[in-house]
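A short worksheet on the structure shown next.
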Amino acid sequence: MRRVVVAGAGMAGVRTAVALREQGFTGSVTLLGEEPHRPYDRPPLSKALLLGTVDDPALDVDFAGLAIDLRLGVRATSLRPDRHEVLTAEGSVPYDRLVIATGAEPRTLPGISGRRDAHVLRTVDDAEALRPVLAARRDVVVVGAGWIGAEFATAAAEAGCPVTVVEAAARPLAGVLPGFVGDVMARWYAEAGVTLLTGRRVAGVAQAGVTLDDGSHLPAGAVVIGVGARPGTGWLAGSGVDLDGDLAVRADDRLRSSLPDVYAVGDCASFPSRRYGGRLLIHHWDNAVQGPLTAAANLLGGDEPYDPVPYFWSEQFGRFVQYAGHHGDGDELVLRGDPDNTAWSVCWLRDGALVALLAVGRPRDLAQGRKLIERGTRLDRSALADPAVPLKSVVRPG
């Protein structure tokens with residue numbers, strides 16, 4: 001194997017290219033990045049870059065020193081596996097091994113194409129376009145009370161913008177977190193001076209605002225759409241790469257795609273989890289950091305399974321929210337602490353073992369809980385419910 005091509009220069013793509021060098025690969029590594037900017041970190045986009053506390057989120061990677069051929073402004077447009085080629089507008093790029101790392105694309109709403117007052121928040125250009133909105137303290141309507149919607153609303157409110165968030169569900173993060181957690185989070189919006197409208201849908205983005213499904217109009221100097229993202233896999237149409245129902249590359253537990261010599265990492269790939277008994281699609285930073293280590297090892301001849309404990313964090317309305325693991329409706333819920341206070345956690349048990357944990361202002365719970373999840377440790381339920389008892393001390397005897 002002489003040539004590895006990584007399609008996508010986000011965190012997952014960069015980490016894959018770097019991991020190949022760190023693990024001893026001496027052949028050519030080509031990294032294709034659709035954007036013209038040097039690869040950058042995405043978490044600062046939703047707050048620090050918007051508020052001007054960070055001006056350059058570029059990753060501190062010496063691509064030239066690592067002999068990584070970084071090609072910016074080069075988008076993969078299709079794949080010819082029979083010829084081992086990635087096609088771009090600038091021509092074909094041959095590979096011996098290919099890593100698909102083209103991330104995810106934000107979902108939008110009908111009728112916003114070309115509108116200067118309608119925004120998504122996924123790229124550094126998106127954040128730069130929104131900085132003047134915050135600086136001018138314009139009225140903002142945010143569509144969607146998910147993670148990105150809450151983080152942007154937090155930044156906009158801190159900047160002094162009047163903010164209204166429109167959420168189609170009855171509460172924030174419905175279907176993701178238990179109802180009582182969503183109700184608690186809804187109160188955070190009010191405390192921050194943000195208007196939250198739940199059970200309402202946006203019928204259209206009108207001039208200087210949005211129209212809701214009841215015919216009412218919300219004026220806005222800017223509309224920010226945060227209604228989720230989909231895997232960036234459209235360029236793989238007709239290639240023979242198997243996609244799952246979410247249109248993610250259907251990777252195996254070694255992060256191999258259905259095609260020989262083609263791997264997939266990050267937001268664009270799902271993988272089977274033996275730990276959780278199902279297939280996972282994880283659109284979070286930690287997956288983009290950890291997956292490439294396994295993909296690089298296996299690409300170089302290893303045989304390492306990828307079955308992480310998923311992890312992510314969110315900073316919103318003065319709270320630091322962390323989540324580790326993966327829970328289902330049938331898992332037993334145990335509450336640690338009072339959600340009306342500033343620090344509390346929610347734990348999920350399956351057959352007595354911790355499988356997931358949500359920590360609000362309790363980073364020690366998260367750190368200790370993540371290790372317990374990795375080990376599949378069975379816990380004492382009564383001790384678990386006592387927030388004064390460290391998680392590492394609630395292991396069930398025997």
Side-chain angles (χ1 to χ4, degrees), residues 43-55 106-174 181-228 314-321 342 360:
L45 300 186
S46 60
K47 189 170 183 183
L49 189 63
L50 285 173
L51 295 176
T53 56
V54 168
D55 290 320
R107 298 180 184 274
T108 60
L109 297 176
I112 73 164
S113 179
R115 294 188 63 98
R116 297 183 64 182
D117 58 347
H119 305 261
V120 294
L121 183 53
R122 183 71 181 178
T123 70
V124 68
D125 287 337
D126 296 334
E128 290 290 354
L130 282 163
R131 285 179 71 168
V133 172
L134 271 61
R137 299 183 178 179
R138 300 171 68 185
D139 286 24
V140 176
V141 170
V142 180
V143 184
W147 301 112
I148 192 67
E151 290 180 1
F152 177 79
T154 298
E158 288 183 13
C161 297
V163 183
T164 300
V165 178
V166 180
E167 170 56 49
R171 56 182 61 87
L173 294 165
V181 175
D183 290 337
V184 171
M185 290 180 165
R187 296 199 293 270
W188 299 351
Y189 287 75
E191 292 170 6
V194 173
T195 300
L196 174 64
L197 302 179
T198 57
R200 309 286 287 278
R201 293 182 180 275
V202 171
V205 179
Q207 186 65 33
V210 301
T211 301
L212 302 184
D213 52 4
D214 62 359
S216 60
H217 178 77
L218 295 177
V223 178
V224 178
I225 295 121
V227 292
S314 177
E315 295 180 72
Q316 51 184 273
F317 308 118
R319 277 85 171 178
F320 186 43
V321 183
T342 57
V360 178

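Along the sequence shown, residues carry numbers from 1. Because only heavy atoms are used, hydrogens play no part in the values below, and waters and symmetry mates are left out as well, while side chains stay in.
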Approximate separation, where rounding is to 0.5 Å, of Glu128 CD and Leu49 CG: 5.0 Å

Distance-only donor-acceptor check, side chains Asp214 and Ser216, under 3.5 Å: yes

Residues 139-152, side-chain donor-acceptor partners within the protein, below 3.5 Å, at least two apart:
residue : atom : partner : partner atom : Å
Glu151  : OE1  : Ser46   : OG           : 2.8
Glu151  : OE2  : Ser314  : OG           : 2.8

Nearest heavy-atom contact between Ile225 and Arg107 is CG2-O, 3.8 Å

Separation between CZ (Arg171) and CG (Asp183), nearest 0.5 Å, reads 4.5 Å

Specify the closest pair of heavy atoms between Leu196 and Glu167, including all atoms of both residues, with the distance to one decimal. CD1-CB, 4.4 Å

Reported CG-to-CZ distance for the pair Leu50 and Arg131, which is rounded to 0.5 angstrom: 8.0 Å

Going by heavy atoms in the side chains, are Leu134 and Cys161 under 4.5 Å from each other? yes

As an exercise, state the distance from NE2 of His119 to CG of Leu130, rounded to the nearest 0.5 Å. 5.0 Å

What closest approach, in Å, do Val321 and Gln316 show between heavy atoms, and which atom pair accounts for it? CG2-CG, 4.4 Å

Around atom CZ of Arg201, are there more than 12 heavy atoms from other residues, nucleotides or ligands closer than 6.0 Å? no

Above 12 or not: heavy atoms from other molecules or residues under 6.0 Å from CZ of Arg137? no

What's the separation between atom CG in Leu45 and atom CG in Leu121, rounded to the nearest 0.5 Å? 6.0 Å

